[in-house]
Number of protein chains: 2
Amino acid sequence: MTFKKRTNNCGQLRPENNGEKVVLNGWVAVVRDLGGLIFIDLRDRYGITQLVILPEFQAELAAKSAQLKQEFVIWASGEVRLRENPNPNIPTGLIEILIDEFEIINQAELPPFEISDSITTNEELRLRYRYLDLRRPVLQKFFITRNQAYQIVHQYYAENGFLEVETPVLMKSTPEGARDFLVPSRINKGRFYALPQSPQIFKQILMISGFDRYMQIVKCFRDEDLRSDRQPEFSQIDVEMSFIDRDDIMAVTEGLIERLWKEILNIDIQSPFLKMSYDEAMTRFGSDKPDLRFSLEISTITDIVKNSTFKVFADNIATAGTIGLINAKGCSNYSRKQLDELADYAKKYGAKGLAWIKFTENTVNSPIAKFLTQEEIENIKIAAGAENGDLLLIVSDTWTRAYTVLGALRLEIARQTGIYDTIKNNFSFHWVIDFPLLEFDQESGRYIAMHHPFTAPMDEDIPLLDTAPEKARAKAYDLVVNGSELGGGSIRIHTSDVQSKMFNLIGLSSEEADLKFGYLLNALKYGAPPHGGIALGLDRIIMTLGGTDNIRDVIAFPKTTSGLSLMDGSPSSVDDAQLEELGIRVVKSDK
Amino acid sequence: MTFKKRTNNCGQLRPENNGEKVVLNGWVAVVRDLGGLIFIDLRDRYGITQLVILPEFQAELAAKSAQLKQEFVIWASGEVRLRENPNPNIPTGLIEILIDEFEIINQAELPPFEISDSITTNEELRLRYRYLDLRRPVLQKFFITRNQAYQIVHQYYAENGFLEVETPVLMKSTPEGARDFLVPSRINKGRFYALPQSPQIFKQILMISGFDRYMQIVKCFRDEDLRSDRQPEFSQIDVEMSFIDRDDIMAVTEGLIERLWKEILNIDIQSPFLKMSYDEAMTRFGSDKPDLRFSLEISTITDIVKNSTFKVFADNIATAGTIGLINAKGCSNYSRKQLDELADYAKKYGAKGLAWIKFTENTVNSPIAKFLTQEEIENIKIAAGAENGDLLLIVSDTWTRAYTVLGALRLEIARQTGIYDTIKNNFSFHWVIDFPLLEFDQESGRYIAMHHPFTAPMDEDIPLLDTAPEKARAKAYDLVVNGSELGGGSIRIHTSDVQSKMFNLIGLSSEEADLKFGYLLNALKYGAPPHGGIALGLDRIIMTLGGTDNIRDVIAFPKTTSGLSLMDGSPSSVDDAQLEELGIRVVKSDK
C-alpha cells in the first residue's frame, strides 16, 4: 500500500499558508455535497481541515468522492485557500484545501456509533469498540492531558535529584490489606508470584541501598470487588526520600501539584497547603478527605444535650458516643418525603436514624422537640448558627460513625442546595495529618494498620504501643483535593525492632512476620536511613485535571466493574495445555 | 528518631566551601584511627567525604567514634577545611570536615560482604543481600545511567509529538511465540488474564484510534526457560507511528540513539545507520545481528567446489546446500587440540563437522586436500583472501546452518585472535532489513512469523503469499549494535483481509483467528491508517551504555535464571485460602 505522505496534519494550516501546495492524511469525518461544492471534513488527532471539490471543474474527483464514507482513511493533495465562509469555532476554520487529487487508503464499515463528542451511546458499547470511542476528541483530550502530566512528573522529579528506578511486577505475595493477583510459576511449580499492590517494600529497600531519592510512575494491582471509581490495575506516582522529615515530602509534592496545575490548566495553586489533623477533619467535616471548597461544618452538640432525658442521646452519651448536626440552610421547607430520603441516605452510611429540627418564623418543628428543653433547643440553634428557615440534621452514634454520617450528609446537602455548582471550578488542596496508627478491626478481632504496617508512629507516641496502641498517632499524611484523596504517604519505620513490634501489634507472630517480611526486617538491620515517601494516584490526578468523574475516561483500555475488558474479551479461557504446564487446575468456574 | 538534617550531600563539598559550617548524613564506609587523627569516610549516593576528629582536642568525640562500625548511619556537623594530604582521585578529595558533633542514627550488623566496587563475592550471595549490593557505587552507576536514559527517552519522544499512553498489564492470553504468564481471575473464575509479551496489538489499536504517534516505556513478560541474558520481566521502549514508512521509524529511532550516546557518553554517533539486508548479513557475517566493528567476512565457495568429487560437498550441493569459510588469519599454527575445540564449538551451533586448510610457507595442510584439485585449492585461497600463515575453517551445510555456524566461528576467532580487544570501545549501529516474512517450523510442521504475525509483507511480495510464502519478504527491520539486537520493528498489516490471510498462513483457522485476534481483525475494518513501529530493549541499551554483559547489573531487583528473586524468596507458596478464592488448585508441585 503506497500513499502520499502528509506535508501537514489536519490541525495545522492557517491563513498564512494560503497558496501552499499541501498533502493531508486523515479520516473522513463528514462529506457534504452541496451540488456546486463538495466539502469533506478530514480529521486526525490534531484537528479537522475542510477539503473542497468543485464539481463544475473537477467532474472526475467529484464522482470519485461519492465513494467516500465516514471514517474512510484518505490522502488528499491540493492548495490552501482562504474560506469564503470562515468557521471561527475551529483553529483551521479560516482556510480550506481545494484538492486536486485524493485516494482512499483504507475503507471503513459503518461505525456502531457516531465519532462525535456529544453522543449518549451506552458505555458498554463504547468499551466494546474502544478503538472507535478513542477517536472522539473529548476522549483524546484526556490522554493528551495525561501525556502532559507524565512529562511534567518526569522532569520535575529529575530536576529535584530523584532517580527513576523500576521495581518488579513479579514479586512476593504478602497479602496485608487488599487481595493479591497471583501468577503461577511454571519453572517453580506450586509457587506463585504476586503483582504489586504497591512497590512499598522495594522503595524502602532502595532507600536502605542509599538511592536517596526515588520516583517511579508504576502500575499497581488490587484484586478487589470493584467500585465504579476503581480499576484492578492503576497507576501511581511513587516517591521515596531519605534523611528527610514529613515537611520535605510535603514540599516536594506541593511543588509538583503547583507545576501540574500551572502548566496544564494555567492555574496558580498556592503552597504550602493547609494541614489539618485527622481529628479536626472528622469533627468539622466528617471525613478524612474533606472537601474544603465550602464550609457547611458539623456542629458537635454532645455537651449541650449531655443531661437530656431523650433516651437515644442519653444512651449514646453513656457509651461515650457523639451527637452532632449539619445545618441545611434554608431547607426548613423540606417535605416529609425529602426528610425520609435523607434518613435513608444516612442509613447507607451506617446511621441508625436521623433526627431533625426545622426552624421557621414562629415555630420549632421537630419529632424530638418534646424530649428537649427550651434551653437545649436554643443552645443547639446557637451552636448550629441556625436561623429561621434552616433545617438541622442530627446524628447520634459512636464517634466515628456519627461524624462519618454527618460528613456524608454534608456532601448531600451541598449537592441539594446548589453549593457544588458555585465551586465546581475551584481546587482546594490540603493535607490531612496525625492519623491514628492503628484501627481495631471488629471482623478479625485485631488491630490493622490504618495506612500500612511500615508507617512510623509519632516519636512521642511510641510508648503507647505497649500501653494503648489505639491511641498512637502515625507519621502519616494524605493529600486531599476537593473531597478526593490524591495520595498518601508516611515517614517509615527504619529500625528492625520497631518494625517487629508493629508486625506483632497487627497480629503477626514472629514466625509469620519473618516468613512474609523477613527480607525487610533483615535489611533494616544493616544501616537503614530515616526515610519516608508518598504515593499519588495518577489516574485521580488526571481525572481532577481533566474534569471527569469517570476513571475509565483517563485509562486507554479500562476494565468494567466486573474486571472485564469488553474490547478483547479478557479474562478468557485458556488451553488446558497451558494450565498443565503451570501445574494448576481450575476447580471452580463461573463459565 | 530525630537527627540533624544535612546541609550538603557527601559528594558536594569543594575547596570553595572552606570554612563553611556543614551537616552531613550518610553511611560510615571506613574508620581509620591513626592515634593523633581519626578519619571517617562518610558515603552516600553522591560520593564520599572525609570526616576528621582530633583526639587531642576532642577526647569525648574520639571516644564516641570507637562505637562506629562499617555501614552505621550517622549525622555529623563541623567545618569544611582543606586537606593537608589531598586525594586527587575523588571529587571531594581536596577537603575534609573537622567535625564538632555526631550521632548514630542507625546501627548496622556486619555486612556479609564488603561494600566496595572490587569484590569477587558470588552473585547468589549478592542477590540475596541485594540491598547491600546496591550500595556499591559500581552498581549505583548503572541506575544513574538508566535514569538518564529514561529522562532522555521521555523528552525526546515528547519533543517529536509522541504521546505516552499506558497499555494494560492484565490482558488477553494469545500465546503466539513465547509462553504467557497467566493471572487467574477471582471475579470470573475459570478465566485468566495474561501479562503482555508486548503491547503490540494495543499500540496498533491506538493507531487505529488516531493517536498518530505513541510511545511507552513498558514492562513485558515472557515465561521462557531463561538464558543468562534474559529476564522473565523486561522493559522496552515501545513506539508506533501512523501515516509513515520504514524510513520515518528509522530516522526517529536513530535520533534517539544519537541523543542517548551524546548526552550519556558524549560520543557522536553518525546517522543514518547502514542498512543491510538479512541475506547479506547472513552470507557475509553469518548472523542476522552481525557485529560490524570488524570484517572477518565469510567467503562462500559453493561455486568453486561445485564439481568437487568430495562426497560431503557433492551431497550438500546436490540438495542446494552451501559451502563457506572463515579465514582465521595467522592461525595456521593452531594445534590439533585447538582445531578439535573449534570443531566442538561448531557442533554446538549445529555443524556436522568442520573442515580446515592451513596455508604455510611451503605446504597446504588439510584433511580434505586429497579430495580437492590444485586449482580448487588455489581458488579457495583467492576467495578467502588467504596468505601463508592463515587457517581456513570450512563448513558445508544447509544455507541457514552453514552461515549460522560460520557466523559463530567468526566471533570465536575474533575472540581468540584478539580482535575484540581492539574494538571494545567502538559502537557500530546498523539496520538489518528485508527479513523473510515466515519461516518453516519443522517441529510444528507449519509456517511461523519470523517477527510476529502483524508484520506487513513487502507490497511486491504479496502475490507470493499464495504461491511461495516462504519467499515473501517482510517490511521488518532490526536495530543492531556490536552484534546484539537492540530492537526490532516493522510496518504493520493495516487491512483486515491481509491480516486474515496472514493468520491463515501461520496455521490459524478463521475460527481460531477470530477467537484470539477477532478484536484486531474488527478494528482493522473501521478505517486503519498505514502504521508501523519499533520496540527497543531498554535493558540492553543500558547494558551497552554501561558496558556490562550482565543484565542483572541494570535491573534493580532481578530474577535468577530459575526465575527466583533470592532477596524476597519469590515465587513462594501461598495460602490455600487464596487459591480457593481463585477457584484453582495446585496439581503438580516442585516444592
Side-chain angles (χ1 to χ4, degrees), chain A residues 25 27 45 71 73 106 108-109 131 134-135 147 150-151 154 158 163-165 168-173 181 183 185-193 205 208-210 212 219 223 233 243 519 523 525-529 556-557 563 567-568 570-572 574 583-591, chain B residues 25 27 45 71 73 106 108-109 131 134-135 147 150-151 154 158 163-165 168-173 181 183 185-193 205 208-210 212 219 223 233 243 519 523 525-529 556-557 563 567-568 570-572 574 583-591:
Chain A
N25 302 160
W27 285 263
R45 176 183 119 198
E71 302 308 314
V73 183
N106 211 348
E109 294 188 3
Y131 37 90
L134 284 174
R135 278 189 200 159
N147 177 63
Y150 290 138
Q151 304 309 322
H154 289 304
L163 292 181
E164 294 193 30
V165 180
V169 175
L170 297 173
M171 59 171 279
K172 180 170 172 147
S173 179
F181 280 105
V183 182
S185 168
R186 179 182 56 84
I187 300 178
N188 304 280
K189 286 185 189 50
R191 303 211 269 171
F192 294 80
Y193 302 101
I205 296 268
I208 295 171
S209 299
D212 206 72
K219 276 278 178 69
D223 185 12
E233 56 180 295
F243 299 116
Y519 65 108
K525 287 178 187 157
Y526 287 96
F557 301 101
M567 184 181 77
D568 60 20
S570 71
S572 60
V574 298
I584 62 169
R585 185 176 296 158
V586 170
V587 291
K588 202 193 295 176
S589 172
D590 299 329
K591 277 180 292 188
Chain B
N25 301 159
W27 285 262
R45 174 184 121 198
E71 301 309 315
V73 183
N106 210 349
E109 293 189 2
Y131 36 91
L134 284 173
R135 277 189 199 160
N147 176 63
Y150 291 138
Q151 304 308 323
H154 290 303
L163 292 181
E164 294 194 27
V165 180
V169 175
L170 297 172
M171 59 171 279
K172 180 170 172 145
S173 178
F181 279 106
V183 182
S185 168
R186 178 182 56 84
I187 300 178
N188 304 280
K189 288 187 188 49
R191 303 211 269 170
F192 295 80
Y193 301 102
I205 296 268
I208 295 171
S209 299
D212 208 73
K219 277 278 178 69
D223 184 12
E233 57 180 294
F243 299 117
Y519 65 109
K525 288 177 186 157
Y526 287 96
F557 301 101
M567 183 183 79
D568 60 21
S570 71
S572 60
V574 297
I584 61 170
R585 186 175 298 154
V586 170
V587 291
K588 202 193 294 175
S589 171
D590 298 329
K591 278 181 290 190

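These numbers come from a predicted model, not from an experiment.
- Not counting sequence neighbours, A:Lys525 has no partner by the side chain to side chain donor-acceptor pair (under 3.5 Å) test.
- Between chain A and the options B:Gly583, B:Ala523, B:Pro571, heavy-atom pairs under 4.5 Å are most frequent for B:Pro571.
- Nearest heavy atoms, A:Val169 versus B:Glu233: N-OE1, 2.8 Å.
- Considering only heavy atoms from C-beta on, A:Arg585 stays 4.5 Å or farther from B:Val586 through its side chain.
- A:Gly527 approaches B:Trp27 most closely through the heavy-atom pair O-NE1, 2.8 Å.
- The two residues B:Gln151 and A:His154 come nearest to each other via the heavy atoms OE1-O, 3.3 Å.
- Partners of A:Ser570 according to the side chain to side chain donor-acceptor pair (under 3.5 Å) rule, which considers only residues two or more places apart in sequence or in another chain, are A:Asp568.
- Note: A:Tyr526 and B:Tyr131 have tilted aromatic rings, judged against thresholds of 30 and 60 degrees for the angle between ring planes.
- No side-chain heavy atom of B:Val574 sits under 4.5 Å from any side-chain heavy atom of A:Arg191.
- Contact tally against chain B (heavy-atom pairs below 4.5 Å) for A:Arg186, A:Lys172, A:Glu71: the top residue is A:Arg186.
- Interatomic distance, B:Asn188 CG to A:Ser572 OG, rounded to the nearest 0.5 Å: 10.5 Å.
- In terms of heavy-atom pairs under 4.5 angstrom with chain B, the leader among A:Leu170, A:Ile205, A:Val73 is A:Leu170.
- Ranked by heavy-atom pairs under 4.5 Å with chain B, the first of A:Ser209, A:Ser185, A:Ala108, A:Gly210 is A:Ser209.
- Using a 4.5 Å cut-off on side-chain heavy atoms (C-beta onward), A:Arg135 and B:Ile208 make contact.
- Of the possible donor and acceptor atoms, one in the side chain of A:Asn147 sits under 3.5 Å from a partner among the backbone N and O of B:Glu164.
- Proximity of A:Arg45 to B:Leu163: side-chain heavy atoms (C-beta onward) are separated by under 4.5 Å at one or more points.
- A side-chain donor-acceptor contact under 3.5 Å links B:Asn106 to the backbone of A:Ala528.
- Counting heavy-atom pairs under 4.5 Å between each of A:Asp212, A:Val183, A:Val165, A:Ile187 and chain B puts A:Asp212 at the top.
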